[in-house]
Amino acid sequence: MEYSENLLRLGTETAFEVLARAQSLVAKGRDIINLGIGQPDFKTADHIVEAGVKALRDGHHGYTSANGILPLREAVSEDFLIRHNVNISPENIIIMPGGKPTMFFCILMFGAHNKEIMYPNPGFPIYESLINYTGAKPVPIKLKEELNFSFKADEVLERINDQTSLIIINSPGNPTGGVIPRKEIEKLVIGLEAYPNVTILSDEIYSRLLYGKQKHTSFLEFPSIRSRLIVLNGWSKTYAMTGWRLGYSVWPNRLLEYANRLCVNNHSCVNTASQFAGLAALKGTQNVVDEMLLEFDKRRNFIVNALNKIPGISCKEPSGAFYVFPNIKNTGLSSQKAQDDFLELSGVATIAGNSFGKMGEGFIRFSYANSLENIEEAMERITKLLLK
Ligand code: PLP
């Protein structure tokens, strides 16, 4: 069979493999606590579900325009104005089937053999996978534990060269929960003004999942880079809608036509009922998000404390998302061995740090999108295992 050799370079997202393994253990009667997969354990709010059902009952079962229904793009635009005081034309917004397609399209647009793409490491594994797929050189931006999994803007800027076509930033970040301080983002933006050929992809999918009094800094707040900025966001994490496959991205004028064409070539349009549900999510009460966040915050406090009491484990307090990324180097276990032992011997699904890139070795990701009781039980099981 003759197929493109690019395929051999395509990676994957271990979270889905661990999920399948955990499910097969459950099918065999094992009691598994899943702290692996990154999705809220809450149900999509009733008013959002009802809006999706109503859309179908009202006959919204056909295609929409490839970029999504106008009321939804207007609602996203309004949301930006309310949250960040920035004006984004609905024309620059494309509704996507989830967050991932934006990263796929964007990396396809900027990846080629003679190009370099910078991306967070440890980071969402699909960035590196897709960069490799295109043949571009992946250049990791190391997220440092001592900086609470952030970076220094200067260290990013000094690695830009003539080949750099794209820089990917993800804050709050997966798998670390780390948030890039506004001061570093400002420095980065000012530095990037000297590199007009570099495009920026800001993955802001966890923008609403921030703890304490923090306010999310969107790259859209900086006009100097707007003409070469793509912002990825969506409903999956904020509104517990991972299975609805609904996301959006903001594109600069010069890429809009290409992004639209990729949508037409790839998926035609997003599931219409999901789009109406997404509209209800943005227009309806935001208490559902606030309540989910309060619950996540309790679990975050609990899991950080509990992990820091386990011999050999130390855990920074993350500022966003629903992950903790503790250092397990003093347990003597590799990330992979810890993932396997925690699952097979203790019945706790987690994700090895190195599946988020080489720089995640020695760490493990726990998602605290599970009940406090289950998290408590998981911590007891892991403590027991490590004390053996
Ligand atoms: N970006 C990051 C950083 C993520 O962690 C995820 C999902 O885990 C996505 C994007 C993709 O989101 P979606 O499920 O909406 O495609």
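Numbering of ligands and ligand atoms starts at 1, following listing order. Just so it is clear, the structure is predicted and the values come from calculations on it, not from any experiment. We're numbering straight along the sequence, starting at 1.
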Look at the rings of H267 and F105 and say which category their plane angle falls in: under 30° parallel, 30 to 60° tilted, over 60° perpendicular.
-> parallel
May I ask you to list the atoms of ligand 1 that are less than 4.0 angstrom from any heavy atom of N170?
-> 3 (C)
Under 4.0 angstrom from ligand 1, any heavy atom of W235?
-> no
Could a heavy atom of D203 be found less than 4.0 Å from some atom of ligand 1?
-> yes
Go through E373 and E376 one step at a time and tell me if the side chain to side chain contact (heavy atoms under 4.5 Å, CB included) criterion holds.
-> CA-CA 5 Å; E373 292 108 288; E376 227 168 298; 5.6 Å; no
Which one of M103, K237, M96, E204 has a non-hydrogen atom at the shortest distance from atom 8 (O) of ligand 1?
-> K237
Return yes or no for this condition: an N or O of R245 is under 3.5 Å from an N or O of ligand 1.
-> yes
Output the list of atoms in ligand 1 that are nearer than 4.0 Å to some heavy atom of Y206, sorted by atom number.
-> 3 (C), 4 (C), 5 (O), 8 (O)
Over all heavy atoms of both residues, which pair between R30 and L343 is shortest? Give the atoms and the distance, please.
-> NH2-O, 3.5 Å
Does a sphere of radius 6.0 Å around CG in D46 hold more than 12 heavy atoms from other residues, nucleotides or ligands, not counting ones at 6.0 Å or beyond?
-> no
Within a distance under 4.0 Å of any heavy atom of G98, pick out the atoms of ligand 1 and give their elements.
-> 15 (O), 16 (O)
Under 3.5 Å between some N or O of ligand 1 and some N or O of E13?
-> no
Identify the closest protein heavy atom to atom 6 (C) of ligand 1: which residue and atom is it, and at what distance?
-> F124 CZ, 3.5 Å
Counting both backbone and side chain atoms, is some N or O of K100 under 3.5 Å from an N or O of ligand 1?
-> yes
So, is Y127 polar-close to ligand 1, with some N/O to N/O distance under 3.5 Å?
-> no
Using a cut-off of 6.0 Å, state whether more than 12 heavy atoms not belonging to D162 lie near its atom CG.
-> no
Do the ring centers of F124 and F356 come within less than 6.0 Å of each other?
-> no
Do Y239 and Q286 have a side chain donor and acceptor closer than 3.5 Å?
-> yes
Relative to each other, are the rings of H216 and H84 parallel, tilted or perpendicular (30° and 60° limits)?
-> perpendicular
Using non-hydrogen atoms of the residue, decide whether F104 is closer than 4.0 angstrom to ligand 1.
-> no
Check side chain to side chain donor-acceptor pair (under 3.5 Å) between R182 and all other residues, then give those that pass, not counting sequence neighbours.
-> E186, T217, E221
Could you tell me which atoms of ligand 1, counted from 1 in the order shown, lie closer than 4.0 angstrom to a heavy atom of S236?
-> 13 (P), 14 (O), 15 (O)
Taking N or O atoms only and a 3.5 Å limit, does G99 qualify as a polar contact for ligand 1?
-> yes
